[in-house]
Amino acid sequence: MDVTVGVDFDSVQLVDVSRHFGRRRALANISLTAGAGDIVGLLGPNGAGKSTLITLLATLAAPSKGEVRYGGQPASRLGPALRTRIGLLAHELHLYPELSARQNLVFFAELYGLDPRGLVDAALESAGLTDRADDAVNGFSRGMRQRLALERALLHRPRLVLFDEPFTGLDDHAVGLIADRLRALAAAGAIVVLATHDLDLADGLVTRVALIRNGRLISDEPAAPGLRARYRAQVGAH
Amino acid sequence: MYLRRLLIALTSLMLCASPAFAVQTGVGQGGFVPVDSVPLADQLPAAPLLITAYAFVWIAVMVYLFSIWRRLNKVEADMRALAQKMPQR
Amino acid sequence: MFFRTAWLVLRKDIAIEAKSFEVLTTTLFFAVACVLIFAFAFVKEGRPVEDAAAGILWIAIAFSGTLALGRTFERERYGETLRALLLAPAPRAALYVGKLLGMLALLAIAEALLAPMVALMFQAALFSRPLLLVGLLAGGTLGFCAVGTLFAAMLVRARSRDVLLPILLYPIIIPVIIAGVRGTAALLSTPPDDATAIMWLGILGAFDTVFLTLSLWTFEPLMTE
Amino acid sequence: MKKAFGPLAALVGVMFVAAPFVVANAPYESTMGLVQKIFYFHVPSWFAMFTAIGICGVASLYHLFKNSPKADRLAEAAGELAVLFGLMGLVTGPLWGRKSWGVWWQWDAKLTIALLLEMTFISGILVRKYGGPGSDKLAAAVGIFGLAVTPFVYEAVNIWRTIHPLTSVVPTLSAAMAGPFWFCVSAFMLLLVVLLTLRVNLGARQAALDELYLAQED
């Protein structure tokens, strides 16, 4: 597929980004850089603006002020081809419940201009759904759907991997699987941005921590032991 | 404040013109219309319709001006209230 | 890439619909119900009011089309799959074309049922000029769906979208419906008034061109939040 | 701009005060008589509406592609004024029609589609009010499509056989009628400019208030 040629980047940069909806401020003057191999944890209470930030990074929304740069280039200059390098797993799973697991994967693989043969089988296997491949998604448990959604989001091997609360409603085993997957992606050179309000899960997984409260970035530092205590100190008063 | 004064001035200017309607009525009923030019089928007097039409345009503008004025007042009031709250924070 | 994406979206919608036929059956049922309601309004002493058939046909198309638009995009809202589509690297207008083709196919099926039904129930000679009738139906449906698909797509993220769709859509689309009704009514006169029907067909063509061009052009910025 | 506004507003006021006198001096139309004088307010209100629609459509396009809050405010203002002037046209029209057609409302093409245009721009106001966040883009779409259907409306009267005076009546006005007519057209256009300025200013103040709210949250 020719559109992908030439678009790649090894860093994502938010430059003084603000986003508001009328009178409600979602994000204010956020500057943040993430590079290849990073697992950036966007931490903060619900409604802090994490989802909005993920949406901006995914090019689904435009900032009210400021700019999002991919490898130094603004999104507007890179065009649709930029989206071949971005993968998003949101809380809503981006799956068609009426279709089977295989149909979902084949559709999205083709939408990204990929050859579904082999690719889809591999994805089904890594989701552990090989024997349920032709069942409709609406018969799946939350965990199965989540695994399928994860594979769907990573089908096209994105450089920038965006996760918005991916652990909601999952058991420990499933959480462990996703965490391992994230580490492997980062090791392979992906930029991972993970928004969550769950500190226990973020602790030990992320390499950088960005704390967000009321749409403002209140700290941005490498991950270190004692995340919980510092989070309490800075956000806990909320 | 400048704007508000203008609005009031504009409104009163428009009211000034109301006598013109009276004049217009006089002209209309004063026999300027040759009788044979009015078809027998519709004997409706034209003047009230004409005046209503003109009056409506005026009223519509007034109502719109009033609505702008009211919305502007509300915004300014909110602004003052906010400005008063600001220093306390 | 453009047409491939459009085709993929269309094929996906057909695959979903083929699982349950939910939108198709409800739309068809609703369309028939519309015709029946209007039958009560426009039949006097066992005889249909003159020219009523053309109006009833088009009103049924417009109403059931609105219902289908709402349902189709509700599906894309559930699981936020519309966002997943927008994340695809294809030009976003291709998604619009895919959804539009799906709507056209759906309404084509509804019309294949509605037209004979109206012709029979109202003793209307709709099929005296089958080609012209098909042309009018195609032109009107394309104009309706071109605007409808765009508006339904952009309303997916709006509040009170159910009410807003008809409110935004109808004023803009009524000229198209008028052209459809007048053209079809011309076919119903004895003998069929071909010249008038062709004139309305031309107007429909002009509407379609303008609406399609505008929709393709504005879809991308409209879908960016 | 601000300096010119005061005198301009005053001029509009004076022109509207003078308008009835100017119109009173215009000659009677041969078959319709006195009631035809509604024409001097009826047609200019349509002119003003079409101008407002044009402004709204172009500003909407600009906002949609350049994401300009300023253009959005202009589109919002022009959309409201299209409704206002459309309302004037829709009310003065039937008053004229009552006398010369014998009915208040006539389902002819021009009237019908003018009503549709009015509804289109009312729907633009509704979507801004009830659409929630991001409704400025939705309203922009309405503005653009509203502008796109307008030429059809203008032509419709010539396509559809109708009892409405043709749009070609304006260029053929006799000199004695043309003077007052163009006087009224100028008055309406200037009124549009004045109201547009006021409404855009209101929008700017509302935006400033929103800014203040945002600043206060910090």
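The figures that follow rest on heavy atoms only: side chains count, while hydrogens, waters and symmetry mates do not. Chain identifiers are assigned alphabetically (A, B, ...) following the order of the sequence lines, protein sequences preceding nucleic acid strands; residue numbering begins at 1 within each chain.
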Student: Measure the OH-CD distance between B/Tyr64 and D/Glu80 for me, rounded to the nearest 0.5 Å.
Tutor: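 One finds 4.0 Å between OH of B/Tyr64 and CD of D/Glu80.
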
Student: Quick one: pull up CD in B/Glu76 and CG in D/Leu202 and give me the separation to the nearest 0.5 Å.
Tutor: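 Answer for the CD-CG pair, B/Glu76 versus D/Leu202, is 9.5 Å.
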
Student: Which distance, rounded to the nearest 0.5 Å, do you find between the CD1 of B/Ile51 and the CD1 of D/Ile38?
Tutor: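 The distance works out to 10.5 Å.
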
Student: Would you mind reporting whether D/Gln206 and B/Lys74 have side-chain heavy atoms less than 4.5 Å apart?
Tutor: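 Counting from C-beta outward, B/Lys74 and D/Gln206 never come under 4.5 Å.
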
Student: Rounded to the nearest 0.5 Å, how far does CG of B/Leu65 lie from CG of D/Leu191?
Tutor: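 Output value for this atom pair is 7.5 Å.
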
Student: In terms of heavy-atom contacts, does OH of D/Tyr130 have more than 12 from other residues, nucleotides or ligands at under 6.0 Å?
Tutor: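 Counting neighbours around OH of D/Tyr130, 12 or fewer heavy atoms of other residues, nucleotides or ligands fall under 6.0 Å, so no.
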
Student: Does any non-hydrogen side-chain atom of D/Arg205 lie less than 4.5 Å from one of B/Met79?
Tutor: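 Result yes, sub-4.5 Å side-chain heavy-atom pair found.
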
Student: Nearest 0.5 Å, please: how far is CE in D/Met88 from CH2 in B/Trp58?
Tutor: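 Answer rounded to 0.5 Å: 11.0 Å.
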
Student: Counting only heavy atoms closer than 4.5 Å, note whether D/Phe85 contacts chain B via side chain, backbone, both or neither.
Tutor: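 No part of it gets close to chain B.
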
Student: Check each atom of D/Ala19 against the heavy atoms of chain B and say whether the ones under 4.5 Å are side chain, backbone, both or neither.
Tutor: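 No part of D/Ala19 comes within 4.5 Å of chain B.
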
Student: With rounding to the nearest 0.5 Å, note down the distance linking OG1 in D/Thr92 to CZ in B/Phe56.
Tutor: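 Here the rounded value is 8.0 Å.
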
Student: For a 4.5 angstrom cut-off between non-hydrogen side-chain atoms, does B/Leu72 reach D/Leu198?
Tutor: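 No - every pair of side-chain heavy atoms lies 4.5 Å or more apart.
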
Student: Go through the atoms of D/Leu209 and report whether side chain, backbone, both or neither lie under 4.5 Å from a heavy atom of chain B.
Tutor: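 Both backbone and side chain.
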
Student: Shortest non-hydrogen contact from B/Val57 to D/Phe188?
Tutor: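 Heavy atoms only, the tightest pair is CG1-CZ, 3.8 Å.
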
